[in-house]
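Single-structure report; data block below.
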Amino acid sequence: MSEQQGYRKVSSLVNLPSFLPGIGVLYVRPETLPVGPFRAFDRQDRLVSTIYMIPIEDFENKKTFDLQRPAGKGDHVTMYFNAGHAGVEMPHYHIVIWHVSKKDEARVAP
């Protein structure tokens with residue numbers, strides 16, 4: 001369904017593995033990079049989270065974001081720093097809106 005809405009598998013766009021432990025399989029609309037939203041799925045193609053990747057520089061510059069509505073109902077949110085990776089090379093924060101319980105986050109565990 002995500003592909004029909006213009007989302008592409010992140011691993012087809014940049015040099016990243018198809019499944020990222022702790023995150024899952026990511027899809028994004030290329031024109032929304034680097035912020036996203038990214039849709040994350042478990043190994044059974046079930047949506048587990050919507051992720052936004054906000055560059056540190058944008059926080060420092062007090063940039064305003066009009067984040068799109070998440071792909072599903074939110075259960076809880078986590079936010080953590082990432083020094084950079086393929087596709088979003090600059091330091092940034094991952095804002096993760098989980099659509100599953102904390103217990104079910106294990107569906108994207110290694």
Side-chain angles (χ1 to χ4, degrees):
M1 177 182 233
S2 288
E3 289 172 329
Q4 293 170 347
Q5 296 173 349
Y7 284 79
R8 296 200 36 215
K9 199 174 204 179
V10 171
S11 62
S12 74
L13 301 171
V14 298
N15 187 22
L16 283 174
S18 179
F19 185 88
L20 298 161
I23 294 178
V25 179
L26 287 179
Y27 287 81
V28 69
R29 287 185 178 133
E31 67 273 12
T32 66
L33 290 170
V35 173
F38 295 79
R39 292 180 178 177
F41 295 84
D42 66 12
R43 288 181 174 93
Q44 283 72 46
D45 271 346
R46 297 175 295 192
L47 180 68
V48 293
S49 69
T50 299
I51 303 171
Y52 297 93
M53 299 184 190
I54 311 294
I56 297 290
E57 180 179 309
D58 290 343
F59 279 116
E60 291 171 347
N61 291 329
K62 299 178 173 83
K63 183 175 177 181
T64 299
F65 290 92
D66 185 12
L67 302 178
Q68 297 178 19
R69 182 176 167 210
K73 182 179 176 187
D75 182 85
H76 63 284
V77 176
T78 57
M79 182 173 158
Y80 58 90
F81 175 77
N82 187 290
H85 51 72
V88 186
E89 288 80 12
M90 73 284 288
H92 59 279
Y93 274 92
H94 285 197
I95 300 171
V96 184
I97 302 167
W98 290 95
H99 307 301
V100 296
S101 68
K102 282 198 170 279
K103 177 183 170 198
D104 284 340
E105 284 182 34
R107 294 184 354 202
V108 293

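This one's a predicted model, so the numbers in the text were calculated from it and none came from an experiment.
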(request) Kindly work out whether a path of hydrophobic side-chain contacts (I/L/V/M/F/W/Y, heavy atoms less than 4.5 Å apart) joins Phe38 to Ile54. (result) no

(request) Determine which pairs satisfy side chain to side chain donor-acceptor pair (under 3.5 Å) with at least one residue from residues 42-55, sequence neighbours left out, and list them in order. (result) Asp42-Arg46, Asp42-Arg107, Gln44-Arg46, Thr50-His99

(request) Would you sort out whether Asp58 and Phe65 count as a side-chain contact (heavy atoms from CB on, under 4.5 Å), showing the intermediate values? (result) CA-CA 9 Å; Asp58 290 343; Phe65 290 92; 3.5 Å; yes

(request) Report the C-alpha separation of Leu26 and Tyr7 in whole Å, then their side-chain angles, then the decisive distance to 0.1 Å, and conclude whether the side-chain contact (heavy atoms from CB on, under 4.5 Å) test is met. (result) CA-CA 9 Å; Leu26 287 179; Tyr7 284 79; over 6 Å; no

(request) Specify the closest pair of heavy atoms between Val28 and Gly36, including all atoms of both residues, with the distance to one decimal. (result) CG2-CA, 4.1 Å

(message) Under 4.5 Å between side-chain heavy atoms, counting indirect links through other Ile/Leu/Val/Met/Phe/Trp/Tyr residues: same cluster for Ile97 and Ile51 or not?
(response) no

(message) According to salt bridge (charged side-chain N to carboxylate O under 4.0 Å, His left out), does anything in residues 71-97 pair up with another residue at least two apart or in another chain? List the pairs.
(response) none

(message) Quick check on the hydrophobic clustering: are Val14 and Val35 connected, directly or via other members, by side-chain heavy-atom contacts under 4.5 Å?
(response) no

(request) Could you tell me which residues satisfy side chain to side chain contact (heavy atoms under 4.5 Å, CB included) with Lys9, sequence neighbours excluded, listed by chain and number? (result) Ser11, Ser12, Ser18, Val25, Tyr27

(request) Please examine the side chains of Met90 and Met53, heavy atoms only from C-beta on, and report whether any two atoms are closer than 4.5 Å. (result) no

(request) Consider only side-chain heavy atoms of I, L, V, M, F, W and Y, link residues closer than 4.5 Å, and tell whether Tyr93 and Ile23 are in one cluster. (result) no

(request) Might you point out which heavy atoms bring Leu13 and Pro30 nearest each other, and give the distance in Å? (result) CD1-CG, 4.0 Å

(message) Within a 6.0 Å radius of atom CG on Asn15, are there more than 12 heavy atoms belonging to other residues, nucleotides or ligands?
(response) no

(request) For side-chain contact (heavy atoms from CB on, under 4.5 Å), just list the numbers for Arg29 and Gln5, CA-CA rounded to whole Å, side-chain angles, deciding distance to a tenth of an Å, and then say yes or no. (result) CA-CA 8 Å; Arg29 287 185 178 133; Gln5 296 173 349; 3.9 Å; yes

(message) Which residues pass the side chain to side chain contact (heavy atoms under 4.5 Å, CB included) test with Thr64, not counting sequence neighbours?
(response) none

(message) Tell me whether Leu33 shares a hydrophobic cluster with Ile95, the cluster being built from Ile, Leu, Val, Met, Phe, Trp, Tyr side chains joined at under 4.5 Å.
(response) no

Side-chain donor-acceptor pairs under 3.5 Å in residues 76-83, sequence neighbours left out?
from	atom 1	to	atom 2	distance (Å)
His76	ND1	Val100	O	3.4
His76	NE2	Glu105	OE2	2.5
Thr78	OG1	Trp98	NE1	3.1
Tyr80	OH	His94	ND1	2.9
Asn82	OD1	Gly84	N	2.7

(request) Please list, chain by chain and in numerical order, all residues satisfying side chain to side chain contact (heavy atoms under 4.5 Å, CB included) with Ala106, sequence neighbours excluded. (result) none

